[in-house]
Amino acid sequence: MAKESFDKEIQFLRMLVLTSGAYSRQQFAERLGISVHTFDKTLKKLKEVATTLQEQPPEAQAQGFTDALRFNYYESADPLLLFLFQAKSLKESESLRISRILAALNGGQELAIKDLLDICCCGLDPENTFPDEKTIRGDLKYLQEVGAIVRGAGPRPYRYRLNNDLVKQLTGEELMDLFDFVDIMANTQLPSVQGYLLRNSLKKELLRQDAEKQAIEPFLYKYHYYSRILDEAHLSTLLAAIKSRSKVQFLYFSPKADTSYAAKSTNPLFERESGGRPETALPLKIVYDHQYGRWYLLTHSKHMGIRKYRMEGMTQIEEGEAVTEELFLAEQSALEQQIATSWLIDTGRPVTVRAKFLNPQRSGSARNFVKERVLLQGQWGVITEEDLHFFIYEITVNGTTEIKPWLRSFGSSCEVLAPRQLRQELIAEWKEMLDYYEPF
Amino acid sequence: MNPFEKIFNYRILSRMEDSGVFLSTSHERSWLKLMLDHPSAAAAFSGVTLDKLQTLLEGEAPLNLAEDLIHKASTAEVQVYHPLVRVLRRSIQHHQGIQVSIGPNNGHPGPEQSGLPYRLEYSMVKREWYLLWYSWTRRDFMSIRLKKITSVCEVPAAPELVRTTQAEIHRILESRRQSAVIEVLPNYNRELSRILYAFSCFEKEVRYDEDKDTYYISLFYLGNEGEYVLSKMRFLGKRVRIVEGNWLKKRMRESALKALALYGASPDQTLTRQE
């Protein structure tokens with residue numbers, strides 16, 4: 001079977017989450033570059049995954065899918081989009097078999113293939129063919145590879161047990177500390193998906209141990225870009241390519257284009273003119289932009305030099321040929337130099353920005369929010385001059401485009417002094433924004 | 001490290017839940033191993049537990065991505081864990097009341113207060129922990145930085161008091177809910193994805209008017225978050241405009257006027273005028 005790609009599901013969920021309810025079926029499908037039929041099929045599949053995983057009362061499930069995915073700050077402690085990563089297709093018989101094996105190994109004793117074969121053959125729907133020893137051996141090999149089970153120390157025939165030491169060896173209190181740590185780290189650090197998966201298993205374990213099911217999710221994360229985990233789907237492929245110094249091929253949809261996904265034209269029913277463009281490049285670095293919660297891939301290609309891609313626009317990613325270590329290191333260090341002074345990823349000419357920040361008028365020892373924020377978010381910029389009423393912040397960055405929104409977000413607490421052009425641009429923008437509210 | 005593994009298939013997971021199996025893979029354990037290297041691990045566990053975890057994870061392959069994955073434009077990571085997190089999460093869990101001493105504000109130490117803890121909130125913008133709680137002393141629902149708490153102890157709370165306080169918290173949260181409607185100027189529709197990303201950290205709804213080819217974003221937020229909404233609006237600049245929400249509109253207008261006044265004079269003149 002060809003490797004299952006989740007491009008369509010990822011694009012689908014992204015659009016659903018970002019535009020939450022803005023489009024009709026038809027409009028939605030058009031923008032994704034798929035047929036309405038494919039739209040319905042994708043929605044059905046995702047719904048099935050989501051409802052199987054959620055223990056919701058029937059009335060909640062009857063709610064629209066969009067509603068269920070709507071972010072509700074005080075109610076939704078579980079990562080909303082995690083089910084994407086649980087959507088891998090599996091034959092019913094295989095899923096049943098693997099579940100039986102794991103449940104059998106949960107008893108605490110080590111079991112051999114023969115024991116497991118017996119367990120898998122009893123009680124199965126008689127219409128299903130019974131698994132043979134080879135199939136079970138294959139399953140055990142897989143489960144061992146992913147680390148779900150371990151082989152005991154004894155001689156042949158080998159015996160296996162569940163790899164659940166993490167919960168078996170911890171006390172209830174320790175387990176709660178672990179849940180908290182995993183929850184906090186998955187939400188505040190990158191990557192998150194593995195952490196969220198672990199969080200889910202720990203949560204279920206805690207609920208099993210404490211039947212009272214009291215509030216075990218006391219944490220909230222304010223202004224969190226929860227949809228960032230969708231792009232983590234590509235992370236492992238791209239990190240692996242970087243590690244092996246290999247190029248990647250992919251179909252790129254610029255997020256500025258109207259269509260964000262196109263069905264592969266192998267099926268004439270869904271054939272459409274593809275809006276994407278095929279790209280080949282050597283991946284060098286992955287960048288996470290905290291301002292928007294977006295991911296970028298920075299690459300090098302022979303003819304184009306440094307190229308930057310938004311990860312959300314990348315589909316059908318495949319690893320290509322490897323380059324020499326020498327070439328990779330040379331390109332990577334060239335890139336590192338170029339982005340050393342980029343606010344985000346701009347590799348343009350460095351320019352020194354000087355801005356004057358006005359301290360809030362305050363009494364006593366009240367906090368200086370402006371300065372606190374500049375110190376926390378101003379990256380490598382420094383305060384060069386300070387007074388009771390203001391301070392001057394200076395930073396050398398590649399181009400002014402990327403830093404401008406941040407400076408502007410301070411409103412009338414920030415006056416750009418240099419460069420002159422940035423100053424002029426901001427004046428023009430404030431005039432335009434004033435016009436928006438003029439008749440008010 | 002591919003997250004799409006068949007072991008995570010939803011049917012398997014759902015069956016594991018039914019049969020009470022704790023399933024963990026080397027993917028997750030490698031991730032945990034990486035996270036335990038973070039300085040905050042020392043605050044999250046007792047020394048004994050941390051040792052135990054490190055021993056349990058000894059055999060796992062380390063997840064090494066530090067140099068390939070870089071962060072840009074993030075707020076400096078002031079604090080990921082706070083020692084009070086462990087204490088307060090248990091009070092929340094057990095529906096216990098707390099008595100809190102708050103550090104000095106304007107030079108005066110705050111009075112002791114008692115109340116019911118509701119949630120611990122981490123701000124991704126300030127990178128700091130806050131306690132959301134209802135103070136019985138002040139009779140109000142409040143947010144307080146953990147940093148400001150000098151001491152805390154549990155006090156028993158009758159179940160009836162817990163119930164009424166919880167109801168009061170929900171009532172207050174509901175009453176503080178506000179909404180605003182933001183229009184994306186159609187000229188900037190090509191930047192829609194970026195704009196929607198910027199608002200994806202809010203509760204929101206998007207409406208698309210096909211005739212005008214215009215998008216409207218309805219934001220829902222609590223009253224005290226208005227300042228953050230404004231800073232997002234200024235961040236996005238002329239791409240977006242508030243169409244509903246009088247207080248926000250007024251503030252945006254003020255910002256623009258004040259900013260223009262600032263720029264209207266040369267830097268020296270501005271300085272003189274301020275003083």
All heavy atoms of B:Arg234 vs all of A:Phe410, minimum pair found to be NE-C, 3.9 Å
Atom CG of A:Leu178 and atom OG1 of B:Thr49: how far apart are they, to the nearest 0.5 Å? 9.5 Å
B:Leu56 versus chain A, heavy atoms under 4.5 Å apart: side chain, backbone, both or neither? side chain
At a heavy-atom separation under 4.5 Å, does B:Ala41 approach chain A through its side chain, its backbone, both, or neither? both
Quick one, B:Asp68 with A:Gln332, criterion side-chain contact (heavy atoms from CB on, under 4.5 Å). Give me CA distance, side-chain angles, the key distance, then yes/no. CA-CA 10 Å; B:Asp68 298 330; A:Gln332 198 183 45; 4.0 Å; yes
Please look at B:Val78 and chain A and tell me whether the side chain, the backbone, both or neither of the residue comes under 4.5 angstrom of a heavy atom of that chain. side chain
Between CG on residue B:Leu262 and CD1 on residue A:Ile427, distance to nearest 0.5 Å: 9.5 Å
Distance-only donor-acceptor check, side chains A:Tyr436 and B:Glu183, under 3.5 Å: no
I need the minimum non-hydrogen distance between B:Tyr208 and A:Ala22, along with the two atoms involved. CB-O, 3.6 Å
From the list B:Gly20, B:Ser24, B:Ala76, B:Ser123, the residue making the most non-hydrogen contacts under 4.5 Å with chain A is B:Gly20
Measuring from atom CZ of A:Phe85 to atom NE2 of B:His27, what distance do you get when rounded to the nearest 0.5 angstrom? 12.0 Å
Salt-bridge criterion met for B:Arg11 and A:Glu48 (N-O under 4.0 Å): yes
Measure B:Leu88 against the heavy atoms of chain A and call it side chain, backbone, both or neither at under 4.5 Å. neither
When rounded to the nearest 0.5 angstrom, what distance separates NZ in A:Lys88 from CD1 in B:Ile12? 11.0 Å
Using non-hydrogen atoms only, which part of B:Tyr215 is less than 4.5 Å away from chain A: side chain, backbone, both, or neither? side chain
Under 4.5 Å, counting heavy-atom pairs only, tell me which of B:Asp18, B:Val48, B:Leu36, B:Val243 racks up the most with chain A. B:Leu36
Tell me whether B:Arg15 is salt-bridged to A:Glu92, with the criterion being a basic N under 4.0 Å from an acidic carboxylate O. yes
Looking only at side-chain N and O atoms, does B:Tyr197 offer a donor or acceptor that is under 3.5 Å from a partner on A:Arg14? yes
Check A:Glu402 with B:Lys72, please: is the shortest side-chain N to carboxylate O separation under 4.0 Å? no
Do B:Lys232 and A:Ser409 touch side chain to side chain, with heavy atoms closer than 4.5 Å? no
Any heavy-atom pair between the side chains of B:Glu5 and A:Tyr142 that's under 4.5 Å? yes
Given B:Leu23 and A:Val146, is the side-chain contact (heavy atoms from CB on, under 4.5 Å) satisfied, shown in steps? CA-CA 11 Å; B:Leu23 186 65; A:Val146 296; over 6 Å; no
Return the minimal non-hydrogen interatomic distance between A:Trp430 and B:Ala256, and the atom names on each side. CE3-CA, 3.6 Å
If one checks every heavy atom of B:Phe220 against chain A at 4.5 Å, the contacting part turns out to be neither
Aromatic rings A:Phe181 and B:Tyr81: how do their planes relate, parallel, tilted or perpendicular, breaks at 30° and 60°? tilted
Find the one option among B:His71, B:Arg127, B:Lys258 whose heavy-atom pairs under 4.5 Å with chain A are most numerous. B:His71
Chain A: which of B:Leu236, B:Leu192, B:Val80, B:Leu120 shares the most heavy-atom pairs with it under 4.5 Å? B:Leu120
Output for pair (A:Ile242 CD1, B:Glu67 CD), nearest 0.5 Å, gives 9.5 Å
Can any side-chain N or O of A:Tyr288 pair as donor or acceptor with the backbone N or O of B:Ser74 at less than 3.5 Å? no
Among B:Glu210, B:Arg90, B:Arg207, which residue forms the greatest number of heavy-atom pairs with chain A at distances under 4.5 Å? B:Arg90
Let me see the working for A:Leu197 and B:Phe8 under side-chain contact (heavy atoms from CB on, under 4.5 Å), right down to the final yes or no. CA-CA 8 Å; A:Leu197 290 166; B:Phe8 299 128; 3.7 Å; yes
Would you call A:Glu372 and B:Lys126 a salt bridge, using N to O less than 4.0 angstrom? no
I need the residue from A:Glu173, A:Lys285, A:Glu174 with the largest number of non-hydrogen atom pairs under 4.5 Å to chain B. A:Glu174
Do you know the tightest heavy-atom contact between B:Ser200 and A:Ser227? OG-OG, 4.1 Å
Between A:Ile345, A:Asn164, A:Val49, which has the largest tally of heavy atom pairs under 4.5 Å with chain B? A:Val49
With a 3.5 Å distance limit and no angle check, can you tell me whether B:Trp31 reaches the backbone of A:Pro191 through a side-chain donor-acceptor pair? yes
Between A:Glu94 and B:Lys6, does the side-chain contact (heavy atoms from CB on, under 4.5 Å) criterion hold? Intermediate values first, please. CA-CA 10 Å; A:Glu94 192 177 358; B:Lys6 67 180 177 188; 2.6 Å; yes
A:Lys243 NZ: over 12 foreign heavy atoms closer than 6.0 Å: yes
Among B:Ser255, B:Ala259, B:Ala44, B:Ala73, which residue has the highest count of heavy-atom pairs closer than 4.5 Å to chain A? B:Ala73
Which one of A:Val193, A:Val287, A:Asp165 has the most heavy-atom pairs closer than 4.5 Å to chain B? A:Val287
First locate atom CD of B:Glu17, then atom CD of A:Glu205, and finally report the distance between them rounded to the nearest 0.5 Å. 11.0 Å
Are A:Ser95 and B:Tyr10 side-chain neighbours, meaning at least one heavy-atom pair lies under 4.5 Å? no
Minimum heavy-atom separation for A:Ser201 and B:Glu28, please, with both atom names. OG-OE1, 4.0 Å
Is it the side chain or the backbone of B:Glu128 that comes within 4.5 Å of chain A heavy atoms, both, or neither? side chain
Heavy-atom proximity to chain A below 4.5 Å, by part of B:Leu230: neither
Flag side-chain contact, heavy atom, 4.5 Å: B:Thr25 against A:Leu198: no
B:Ser193 and A:Arg294: side-chain donor and acceptor closer than 3.5 Å? no
Does the side chain of B:Arg29 come within less than 4.5 Å of A:Asn163's, by heavy atoms? yes
Relative to chain A, which segment of B:Ile195 carries a heavy atom at a distance below 4.5 Å: side chain, backbone, both, or neither? neither
Do B:Arg86 and A:Asp177 make a side-chain contact, defined as non-hydrogen atoms from C-beta onward lying under 4.5 Å apart? yes
Just wondering, do A:Leu170 and B:Lys52 contact through their side chains at under 4.5 Å, heavy atoms? yes
Sort out for me which of A:Pro283, A:Ser342, A:Pro405 touches chain B most, counting heavy-atom pairs under 4.5 Å. A:Pro405
Closest non-hydrogen atom pair, B:Met124 against A:Thr188: CE-CA, 4.0 Å
Is it the case that atom NZ in A:Lys222 sees more than 12 heavy atoms from other parts of the structure closer than 6.0 Å? yes
Residue part contacting chain A, namely of B:Ile217, when any heavy atom lies under 4.5 Å: neither
Contact between A:Asn106 and B:Phe22 at the side-chain level, heavy atoms closer than 4.5 Å - yes or no? no
